[in-house]
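Just below is one structure, and these are the notes that go with it.
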Number of protein chains: 2
Amino acid sequence: MNLRTLRYLVALERHRHFGHAADACFVSQPTLSAQIKKLEEELGVQLVERRHRKVLLTPVGAEVARRAARILQEADEVVELARSQQDPMAGQVRLGLIPTLAPYLLPHVVKPLKKKYPELRCLLYEFQTLVLLERLDRGELDAAVLALPVPLDGLEHFELFDEPFLAALAHDHPRANARSLTLDALRGETLLLLDDGHCLRDQALEVCSRIDVHEYHDLRATSLETLRQMVGAGLGVTLLPALAQRADDAVQTVPLVPQPTRTIAMVWRESNPRGTTLSLLAEAIRETMAPQITAWGGRAA
Amino acid sequence: MNLRTLRYLVALERHRHFGHAADACFVSQPTLSAQIKKLEEELGVQLVERRHRKVLLTPVGAEVARRAARILQEADEVVELARSQQDPMAGQVRLGLIPTLAPYLLPHVVKPLKKKYPELRCLLYEFQTLVLLERLDRGELDAAVLALPVPLDGLEHFELFDEPFLAALAHDHPRANARSLTLDALRGETLLLLDDGHCLRDQALEVCSRIDVHEYHDLRATSLETLRQMVGAGLGVTLLPALAQRADDAVQTVPLVPQPTRTIAMVWRESNPRGTTLSLLAEAIRETMAPQITAWGGRAA
DNA sequence: ATTTTCGATTGATATATCCAATGAATTGTC
DNA sequence: GACAATTCATTGGATATATCAATCGAAAAT
């Protein structure tokens with residue numbers, strides 16, 4: 001069976017006339033006749049009653065034509081689907097972000113992106129780095145926004161910006177009102193960290209590795225907001241990524257000198273055919289965030 | 001576009017491997033490769049990510065494949081329609097049954113069916129209810145025999161009979177030789193059940209919900225025969241469907257009063273062109289089983 | 001460094017589809 | 001009743017398409 005042949009049958013049903021149906025299909029009448037006949041042979045049933053000056057579909061023929069019309073419609077829909085996919089900035093993109101970034105970055109970028117690329121529908125997911133890379137590889141995500149470094153084999157990457165870390169202290173901490181702090185000033189403090197698996201945990205540990213701080217081991221926060229609460233409650237200090245800072249009576253954030261940062265980038269599979277879309281998307285995010293980041297002394301990539 | 005090409009795409013989706021997909025379609029690998037490529041060109045979108053040792057469908061590719069599978073199923077239905085037109089009770093029918101019914105029902109019906117419809121070849125499958133419904137929907141089965149209720153949208157159904165439940169007790173259980181039991185008589189017993197996913201598990205729980213029994217949680221049987229062994233070993237009691245009873249030194253089955261039952265029915269897709277065949281088949285099964293069922297006090301539908 | 005795996009490419013061959021011309025059956029006209 | 005008109009079927013040759021075996025080349029595995 002063949003979609004073309006089904007089209008012939010549907011045309012024949014409409015026109016009830018071999019010649020006219022053939023015209024409508026832009027083929028010659030013998031072609032259509034032969035194909036209908038072949039279809040009948042293949043199916044082993046008579047589809048058409050050929051009477052002089054009158055073509056009638058048999059009951060089976062009518063049913064087959066009805067189903068054929070439906071099949072053709074669905075086939076046309078597939079073509080439509082593909083066509084609508086042609087515009088690089090249309091359709092949907094499945095985007096994953098790390099949890100210590102997503103809730104703070106998205107409020108800045110979602111609206112501008114919607115404005116710049118109104119046809120683009122971003123499906124947003126929040127996973128830790130390892131899961132992001134896994135899903136990326138399995139094709140369950142189109143791109144991931146995360147902190148470098150990650151193993152980049154087979155991946156394209158586009159650096160978005162360097163996000164500074166700030167010291168977060170309880171409001172009644174002796175140094176809470178300093179204009180800035182050196183890392184050394186935190187020596188001897190109790191350091192609060194996120195749970196295992198969050199890249200921010202490793203980044204904070206890395207930054208603080210050269211000074212003598214003791215991690216608070218009894219409780220590890222599972223979200224940045226919990227971590228902030230713990231700082232506010234006076235359990236210790238932590239490093240907050242700049243995007244996560246906000247007015248908070250209980251917690252003061254103080255810039256560090258020299259400024260530690262983490263590099264935020266978007267990555268995707270080299271083989272992803274939507275590479276263009278993803279570059280443009282990354283570029284748009286970079287551009288949107290640049291003013292904010294430079295104001296904080298970070299590097300817009 | 002071409003139905004053959006769509007078949008190639010669907011095979012590629014299933015196998016995620018050009019060579020294997022080609023084998024499954026009985027063509028050479030270059031043929032399949034070329035056709036997929038041509039389809040991509042025709043649609044103007046990349047459907048497949050070709051990575052070394054790994055083939056991945058793009059999101060569009062996956063969607064196209066999904067629609068293609070549907071189209072192909074409908075095309076196959078046209079062929080079936082035509083075939084069944086020639087002789088409704090010839091050809092093959094793919095029939096799925098639930099595992100708590102198949103081994104006990106089939107010995108009763110296979111021979112009579114063979115006699116009544118010698119041209120009909122039944123391919124038999126055994127799956128749990130959820131899988132049956134899924135495969136039915138995907139067109140991998142023509143009909144399923146299962147216990148109602150199930151969601152019946154888009155499905156025809158034909159009730160075959162109501163199968164009674166019997167109490168199954170170890171032969172040395174105090175009540176093992178009773179002529180009949182009320183459910184209340186099981187109060188306080190340990191109830192043995194099948195594993196999750198078996199509808200019989202839910203049916204037994206439903207029946208016993210009003211009396212106080214404790215489920216034996218440490219081990220759930222994966223088959224009715226295992227369950228019977230466990231009862232024989234004295235681990236507890238269970239409910240057996242009437243068709244599953246048989247002479248067994250270690251296990252006694254006792255009728256319950258009033259008699260709980262489950263309704264066994266055959267279901268198939270409304271759109272299945274072999275509806276006539278399937279009704280006749282169901283009718284034949286109902287007729288074959290009626291004497292047996294009424295002898296047990298069940299209702300022949 | 002070598003081998004293995006696997007999709008892409010090539011070129012020859014078989015098949016399917018197409019059209020123009022023509023045939024055959026029915027109906028309408030003189 | 002002969003002849004023309006209509007309409008679908010058939011024929012035969014041209015063209016397009018799908019197919020295969022053989023081979024290539026890149027990436028991984030050893």
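Below, chains carry the letters A, B, ... as their sequence lines are ordered, and counting in each starts from 1. These numbers were taken from a predicted model, which means no experiment stands behind them.
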Margin query: Just N and O in the side chain of A/Ser33: are any of them under 4.0 Å from OP1 or OP2 of D/dA9?
Written below: yes
Checklist line | Short N-O contact, A/Arg269 and A/Glu156, less than 4.0 angstrom | finding: no
Margin query: I need the CD-C1' distance between A/Gln46 and D/dC8, as an integer number of Å.
Written below: 14 Å
Next item on the list: Could you check which residues of residues 1-22 of chain B get a heavy atom under 4.0 Å from DNA chain C? Sort them by number, please.
Entry: B/His17, B/Phe18, B/Gly19
Checklist line | Ionic contact status for A/Asp76 with A/Arg7, cut-off 4.0 Å | finding: yes
Check: So, is the end of the A/Arg94 side chain (NZ or CZ) under 6.0 Å from the ring centre of A/Tyr125 and within 45° of the ring's axis?
Finding: no
Notebook entry, point to check: Would you call A/Phe161 and A/Arg299 a side-chain contact if the rule is heavy atoms closer than 4.5 Å?
Noted result: no
Item checked: Length of the CG-P vector between B/Asp23 and C/dT5, whole Å -> 15 Å
Notebook entry, point to check: Which residues, if any, of residues 61-72 of chain B bring a heavy atom under 4.0 Å of DNA chain C?
Noted result: none
Checklist line | DNA chain D contacts made by residues 34-45 of chain A, counting heavy atoms under 4.0 Å | finding: A/Lys37
All N/O pairs under 3.5 Å across the protein-nucleotides 25-28 of chain D interface:
unit_1 : atom_1 : unit_2  : atom_2 : d
D/dA27 : N3     : B/His52 : NE2    : 3.2

Check: How long is the span from the CG atom in A/Asn272 to the CD atom in B/Glu49, to the nearest 0.5 Å?
Finding: 5.0 Å
Next item on the list: Please report the closest heavy-atom contact between A/Thr261 and A/Pro164, naming both atoms and the distance.
Entry: CG2-CA, 3.8 Å
Notebook entry, point to check: Would you say B/Leu141 and B/Leu95 make side-chain contact, with heavy atoms under 4.5 Å?
Noted result: no
Next item on the list: Please name the pair of heavy atoms, one in A/Gln203 and one in A/Ala147, separated by the smallest distance, quoted to 0.1 Å.
Entry: NE2-CB, 3.2 Å
Note to self: Any side-chain to backbone donor/acceptor pair from A/Glu13 onto A/Leu57? Under 3.5 Å, distance only.
What the structure shows: no
Note to self: Looking at B/Arg50, I'd like to know whether one of its side-chain N or O atoms comes within less than 4.0 Å of OP1 or OP2 on C/dA8.
What the structure shows: yes
Margin query: Counting C-beta onward and ignoring hydrogens, is there a side-chain heavy-atom pair between B/His20 and B/Leu12 closer than 4.5 Å?
Written below: no
Check: Which pairs, with at least one residue in residues 21-32 of chain A and sequence neighbours excluded, count as a side-chain hydrogen bond (donor to acceptor under 3.5 Å, both in side chains)?
Finding: A/Ser28-A/Thr31, A/Gln29-A/Ser33
Notebook entry, point to check: Between A/Asp196 and A/Arg220, does at least one N-O distance fall below 4.0 Å, as a salt bridge requires?
Noted result: yes
Can you give me the N/O atom pairs linking the protein to nucleotides 20-24 of chain D at distances under 3.5 Å, or say none if there are none?
unit_1 : atom_1 : unit_2  : atom_2 : d
D/dC20 : OP2    : B/Ser28 : N      : 2.7
D/dC20 : OP2    : B/Ser28 : OG     : 3.0
D/dC20 : OP2    : B/Thr31 : OG1    : 2.8

Next item on the list: Search all heavy atoms of B/His198 against all heavy atoms of B/Thr222 and return the closest pair with its distance.
Entry: NE2-O, 3.5 Å
Next item on the list: Look at the side chain of B/His17 and the backbone N and O of B/Gly19, then say whether any donor-acceptor pair between them is shorter than 3.5 Å.
Entry: yes
Item checked: Spacing of CZ belonging to A/Arg4 relative to CG belonging to A/Leu39, to within rounding of 0.5 Å -> 12.0 Å
